[in-house]
Every structure is written in structure tokens, then in C-alpha cells.
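Here is the structure we will look at, set down as C-alpha cells.
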Amino acid sequence: MSEDPAPGTHRVPAKATLFGFDPTDAVVVVRPRPGKWRMMGALRIGAVALVVAPIVALLPPHAPWALGALGLGALLVRRRLQERYTVEGADGACPRCGEPLTAAGGRLRMPHPATCEACNNEPTLTLEAGALDVVPAA
């Protein structure tokens, strides 16, 4: 992942931490998500939930399936609206063994989970204070 980031993405400094070991330097590649992208995705997810709910309500027991579909839709809508940054990848070494880390893609969480394939530990990537301030708002 040391090559130039794709257009629209930004490299943000971070620290890879694992309990009992010294933190190592890392870089997280993030893509800012504009409000329009979040809103359109939320509307799409909400529409699918509203279409699926009456269909699954035909299966007995009727009400739990419909409520479950609506509840899951609401949860996914909320998550989409909160996704200000998407993680595209990460560069960094495992604090325990020094091998490269694999960052879980998707919504940026604080701290963001990572995986070391060599020693099967799960360090976390913590962005440095103010690191996202230099990323232009989308």
C-alpha cells in the first residue's frame, strides 16, 4: 500500500497499538464522504427496508419479521449517515512481530481495527490528534 493513494483519498498518520508492546507508526488511507453521498445511500437503504418489510411480513410470525426488517433498515441508515470517512487501506507494521498490517475497510472507527496475518493479533490504528483536520472536507 506504499504507492500513491487513489484520487480522492488521503494518507493520514496513525499509530498501531497492541497491549504490552510499543506503538508503531502507521498510515491510514481514508476517503472523505460528502453529505450528498451519505444522504443518497441512506435514502436507498431506507427504501429497500420499506419494500422488504411488507414482503417478509407475509411469513409467520408476521410482526417480528416486519419489525426486524424496519429495525435493521434504521440501523443501516444511521450507520451510513455517520460515515464521514471510509478506510481504503493502511500501511504499518505490527507492534508485536513487525509484519505488515491489514486494516478492515469500511467506516472509519476510533480506534480502527487492524489484523496481523503473521501473528494473528488484532492491533488498533489510532489516528493522531488533528490528523483529519488537514483532509479537505468533501
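Taking CD from E83 and CG from L108, the interatomic distance works out to 9.0 Å, rounded to the nearest 0.5 Å. Between the CD atom of E99 and the CD atom of E117 there is a distance of 11.0 Å, given to the nearest 0.5 Å. Atom CD of E88 is separated from atom NE2 of H10 by 11.0 Å, given to the nearest 0.5 angstrom.
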TODO: Test side chain to side chain contact (heavy atoms under 4.5 Å, CB included) on D91 and R11 and set out the steps.
DONE: CA-CA 9 Å; D91 260 340; R11 296 173 66 84; 3.1 Å; yes
TODO: Dump the intermediate steps for side chain to side chain contact (heavy atoms under 4.5 Å, CB included) on T24 and K15, then the final yes or no.
DONE: CA-CA 6 Å; T24 58; K15 292 281 187 191; over 6 Å; no
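At a threshold of 4.5 Å between side-chain heavy atoms, the hydrophobic network of Ile, Leu, Val, Met, Phe, Trp and Tyr places L50 and L67 in two separate groups. Follow the hydrophobic side-chain contacts under 4.5 Å out from V52 and you never reach V77; the two are in separate clusters. Note: the hydrophobic cluster containing L43 also contains L76 (ILVMFWY, side chain heavy atoms under 4.5 Å, direct or indirect links). Under a hydrophobic clustering in which Ile, Leu, Val, Met, Phe, Trp and Tyr are joined whenever their side-chain heavy atoms come within less than 4.5 Å, directly or via other members, L18 and L125 fall into different clusters. Note on L101: it clusters hydrophobically with M110, by side-chain heavy-atom contacts below 4.5 Å among ILVMFWY residues.
Here the closest non-hydrogen pair linking W65 and L59 is CD1-O, 3.3 Å. Of all heavy-atom pairs between A103 and G89, the closest is CB-C, 4.4 Å. Shortest non-hydrogen contact noted between C119 and C94 is SG-SG, 3.7 Å. Listed here is the closest heavy atom pair of G8 and P32: O-CD, 3.4 Å. What you find for P123 and C116 is that their closest heavy atoms are CD-N, 4.3 Å. Nearest heavy-atom pair, H62 versus A57, reported as atom, atom and distance to 0.1 Å: ND1-O, 2.7 Å.
Side-chain contact check for P113 versus E122: every heavy-atom pair is 4.5 Å or farther apart. Within the 4.5 Å cutoff, side-chain heavy atoms of H112 are placed close to those of V87.
For the side-chain contact (heavy atoms from CB on, under 4.5 Å) test, residues two or more places apart in sequence or in another chain that qualify with P13 are E128, A131. Every residue was checked against the salt bridge (charged side-chain N to carboxylate O under 4.0 Å, His left out) condition with R96, not counting sequence neighbours, and none meets it.
The environment of W37 atom CH2 is dense: over 12 non-hydrogen atoms of other residues, nucleotides or ligands sit within 6.0 angstrom. Other residues, nucleotides and ligands contribute more than 12 heavy atoms inside 6.0 Å of the CZ atom of R38. Counted within 6.0 Å of CZ on R31, heavy atoms from surrounding residues, nucleotides or ligands total more than 12; the atom is thus considered enclosed.
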